[in-house]
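What follows is a short report on a single structure.
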Amino acid sequence: GDNLADARFRYEREMDALQEQLEALVDQLAKAEGLTWNVRYCDEFPESANHPEATKRIRTAAKKLGLAYREAPQPYRGSDDFGYYPKQAIGAMFEIGAGEDCPPIHTVHYDFPDDLLPVAVALMLFSWEASAALLGLHPVPLSVSSLVTSAGAGAALAQKSRLIDD
């Protein structure tokens, strides 16, 4: 018969260690009973670990934009495929908060607040500006007032935005 299991871990090394231990145990039990076994892993995702330099760039961009932010006390674990990106390049994941009055994402009542877009784009552009400077590139200087133009978005969302840090 088939046995299925699902496991999520904050760190890949913990997941790898558990897989090794489980496979050794199953192998031992199967041999004792004269059984054969096999394992198939699917939907494996690497950990989502923010690079400290990328996190610093996002933090700098948030400050430059006048956005309030908070750093999560624990790493964010719902990212699945994002973990592949920082393995290829310096990266960090952040969230933009829609405020306490906004229904939670992935619910029937959630409707993406379009006023978040100018703030998110501005944060990403200012993060890029910080990255480009470190690479010796000279991007055109960005202006906060030209990027955050939605009616009230800059002021209202500045108090509700947050940075997720690892």
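Predicted model only: the values in this text are computed from it and were never measured. All residue numbers refer to positions in the sequence shown, counting from 1. Values below: all heavy atoms of this structure, side chains included; hydrogens, waters and symmetry mates excluded.
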Rounded distance (nearest 0.5 Å) linking atom CD1 of Ile90 with atom CD of Glu53: 6.5 Å

Sidechain-backbone polar pair: Glu12 side chain, Pro46 backbone, donor-acceptor under 3.5 Å: no

Atom pair NZ/OG of Lys56 and Ser127 - distance to nearest 0.5 Å: 13.0 Å

Closest approach of Leu116 to Gly97 (non-hydrogen atoms, all atoms of both residues): CD2-O, 3.5 Å

Contacts of Lys31 that satisfy side-chain hydrogen bond (donor to acceptor under 3.5 Å, both in side chains) - sequence neighbours left out: Asp27

Check: Leu125 and Val121 side chains under 4.5 Å, non-hydrogen atoms: yes

Linked, directly or transitively: Val39 and Leu29 (ILVMFWY side chains, under 4.5 Å): no

Partner residues of Glu14 under the side-chain hydrogen bond (donor to acceptor under 3.5 Å, both in side chains) criterion, sequence neighbours left out: none

Test log, rule side-chain contact (heavy atoms from CB on, under 4.5 Å), inputs Tyr69 and Ile58: CA-CA 10 Å; Tyr69 66 89; Ile58 294 168; over 6 Å; no

Contacts of type side-chain contact (heavy atoms from CB on, under 4.5 Å), residue Ile105, not counting sequence neighbours: Tyr110

Arg13 CZ to Glu47 CD distance, which is reported to the nearest 0.5 Å: 7.0 Å

Nearest-0.5 Å distance that lies between atom CG in Leu123 and atom CD1 in Ile96: 5.0 Å

Backbone of Thr55 reached by a side-chain donor or acceptor of Asn50 within 3.5 Å: no

Side chain proximity check, Phe94 to Met124, heavy atoms < 4.5 angstrom: yes

Minimum-distance pair of heavy atoms, taken over all atoms of Thr107 and Pro104: OG1-O, 2.6 Å

Trp37 side chain reached by Leu35 side chain, heavy atoms, under 4.5 Å: no

